Participant: 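Attaching a single structure in structure tokens format; questions to follow.
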Amino acid sequence: MAAGEVPVWTKLDLVLNAEAEYANSYVEVDVWVDLEGPGFSKRVYGFWNGGKEFVVRVLATAPGEWHWRSGSSVGDAGLDGKTGSFSARAASEAEKAANPNLRGMIVATADKRGLQYADGTPFFLLGDTWWSVPSFRFPLGEGPGDPASVGPDATLNDYVALRKSQGYNCVGLIAAQPAWANDGKPNSLQMEDGTWVRAAWKQPGTESAKDMHNEGGRPFEFPGKVPGFEDVFPDMDRINPEYFKVLDRKIDHLNEQGFVPFIEVARRDTGQAWQKFHDWNESYSRYVNYVFARYQANITILSPIHYDYFEQTIPASEYSVPIEIALERHGKPPFGTLLSANPNPSTLVNFGADSWVDLHQSGNVREHYTYWYLTEIHQSAPTKPAINGEPYYAGLHQLGTPYPLRVPPDSREDRYYVRSGLYGSFLSGGLAGFIYGAEGIWQSDIEPESLYKMWDSFRWQSGAEVRHLKTFAMVKGEAYRQLEPMADLVMPNKAGPDFAYHGWSYCARTPDRSWFMLYFEDQAPLEAKLRGVDVGAKYRPRFFDPRSGQWGEPGDVLTVPRSSVLVLPQRPDTQDWGLMLERI
């Protein structure tokens, strides 16, 4: 490779050093470069990185010569008028095979139903919930990691290696939990007037909040501005770059291993105190832009809020105000990064159809009656891809302690609950993929008193079965994006209670009725019928085992009778099964 030449879609740090001293560089200084390259001409914003250092992160979206010129909001001679250039080359097929992220940013397909890399290669999202990746709970080690090393001394590298071997390509994380620490105070804290200061996960063995620092400290500086809680809730206008430098290295490792991090800037429990004791719109929009600028040149999906619960926070509409300000001020991430959010019950409900959301999600409502939110998204305009981003957690025991439908972890029923979310969500309209989760992992439990240590939860069979959804979905390649959710075509399709995972059936078909995909939950009736088929049409049935990921042999041809109602073949047993009908 020629000197200064880099593969496309590879992050470059442009480092600028201010000449002047600033009392609070995070608040006072905006820095950018005007970047020009083949088919590209945009202003790309940077961030303060501590001391007098500012960084603008860029990448080349196409091979060729790239040039940049810097500027700032303060007219600093060290930040303004600097210039530079670099050359980019196309990545080789071998390089892309080793790391598919060299294919580019994740974008929506042309039909807005699925996802793909920028070069058009399909991307079916299979993720896991590792919300605490920025913290010490996921220590960064050396090298690619070893799945066999997943245990008490495991590193982030080892967990990544395990999930990579199981077909995953995404992990969800929250960039900062500013008010969380095991400080002897209750994990949930409110002011006398009811204002929430934090609603944190409880650290096992204590009545206080989980520690979420890393080697760089905590994400914001103390003392804070919340009266009486100055040592709990930090000053949200004084950021600590050292904390984020640790996260930078972890995001880089995930990218190097072919993973696409889904990075959320903050969890909703910061909202009330942040809004009440800071200049909310300015402060929050500044932070959104800061996180976006740090990770805009990584291959990621970004989120301006983890809105997992509408209580203990401000309304979603009041988050959208500073989010829109951030996007108006700096624009959407310049290299095409999708914006999404973890919602409750869906991003469509929380933020609306015409919002800043590029990738819709459902989440935090878990039982099978809630998969419908993905159908609502599928039927809404404008069309956007969708996933279930936080469904039933394997081994679920918290989140309404005890969880009313709790079953033993990694039991037959527990694995089945996970599969209900996988296949029920997909056929309800979540065609872009799915994010798995498990107790012990989502809250990164490592304490001796933990009910489930996260390294044990990583070994649960349900996590290994997630990859089979892709086998099911892509049996006909990318044709799955044509599927339209129509659960009512199956009769009966609701032979169980709403608040459950048993007895329901799902269906999606292509508009020309040539292909039907069905999923029967455990305990669904063995005798079922299908409407919405053409009289006289002939279909070849084929069952799918979601436990093994294997398609069975094609069955006898079925002919639709004059009644236009097709009697479906009985599935092999009362467990959950998938079924495909293909017209011949």
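Given the structure is predicted, the values throughout are model-derived calculations rather than measurements.
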Participant: Please identify each residue that fulfils ring-ring contact (aromatic ring centres under 6.0 Å, His included) with Phe292, with sequence neighbours left out.
Facilitator: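 ring-ring contact (aromatic ring centres under 6.0 Å, His included) list for Phe292, sorted by chain: empty.
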
Participant: Considering residues at least two apart in sequence or located in another chain, which fulfil the ring-ring contact (aromatic ring centres under 6.0 Å, His included) criterion with His213?
Facilitator: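 ring-ring contact (aromatic ring centres under 6.0 Å, His included) list for His213, sorted by chain: Phe136.
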
Participant: Among residues at least two apart in sequence or on other chains, which ones pass side chain to side chain contact (heavy atoms under 4.5 Å, CB included) with Ala353?
Facilitator: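 So Ala353 forms a side chain to side chain contact (heavy atoms under 4.5 Å, CB included) with Leu348, Pro382.
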
Participant: Sequence neighbours left out, what passes side chain to side chain contact (heavy atoms under 4.5 Å, CB included) with Asp358? Give chain and number order.
Facilitator: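 Only Lys332, Leu338, Leu339 meet the side chain to side chain contact (heavy atoms under 4.5 Å, CB included) criterion with Asp358.
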
Participant: According to side chain to side chain contact (heavy atoms under 4.5 Å, CB included), who are the partners of Ser135, at least two apart in sequence or on a separate chain?
Facilitator: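 So Ser135 forms a side chain to side chain contact (heavy atoms under 4.5 Å, CB included) with Ser132, Arg137, Met212.
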
Participant: Could I get the full list of salt bridge (charged side-chain N to carboxylate O under 4.0 Å, His left out) partners for Glu215, not counting sequence neighbours?
Facilitator: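 Once residues adjacent in sequence are excluded, Glu215 has no partner under the salt bridge (charged side-chain N to carboxylate O under 4.0 Å, His left out) criterion.
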
Participant: Using the side chain to side chain donor-acceptor pair (under 3.5 Å) criterion, which residues pair with Asp269? Sequence neighbours excluded.
Facilitator: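 Partners of Asp269 by the side chain to side chain donor-acceptor pair (under 3.5 Å) criterion, ordered by chain and then number, come out as Trp180, Arg267.
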
Participant: Partners of His278 by side chain to side chain contact (heavy atoms under 4.5 Å, CB included), sequence neighbours excluded?
Facilitator: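 Applying side chain to side chain contact (heavy atoms under 4.5 Å, CB included) to His278 gives Lys225, Phe233, Asp235, Met236, Asp237, Trp274, Ser283.
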
Participant: What residue pairs, at least two apart or across chains, pass ring-ring contact (aromatic ring centres under 6.0 Å, His included) with a residue in residues 148-169?
Facilitator: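 For residues 148-169: Phe138-Tyr159, Tyr159-Phe458.
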
Participant: Could you give all pairs that pass the ring-ring contact (aromatic ring centres under 6.0 Å, His included) test and reach residues 239-267, with sequence neighbours left out?
Facilitator: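 As it turns out, the ring-ring contact (aromatic ring centres under 6.0 Å, His included) pairs with a partner in residues 239-267, which skip direct neighbours, are Phe244-Tyr290.
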
Participant: The criterion is ring-ring contact (aromatic ring centres under 6.0 Å, His included); which residues satisfy it with Tyr452, sequence neighbours excluded?
Facilitator: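 By the ring-ring contact (aromatic ring centres under 6.0 Å, His included) rule, Tyr452 matches His397, Trp460.
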
Participant: Who pairs with Trp356 by ring-ring contact (aromatic ring centres under 6.0 Å, His included), at least two apart in sequence or on another chain?
Facilitator: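 Here the qualifying residues are Phe351.
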
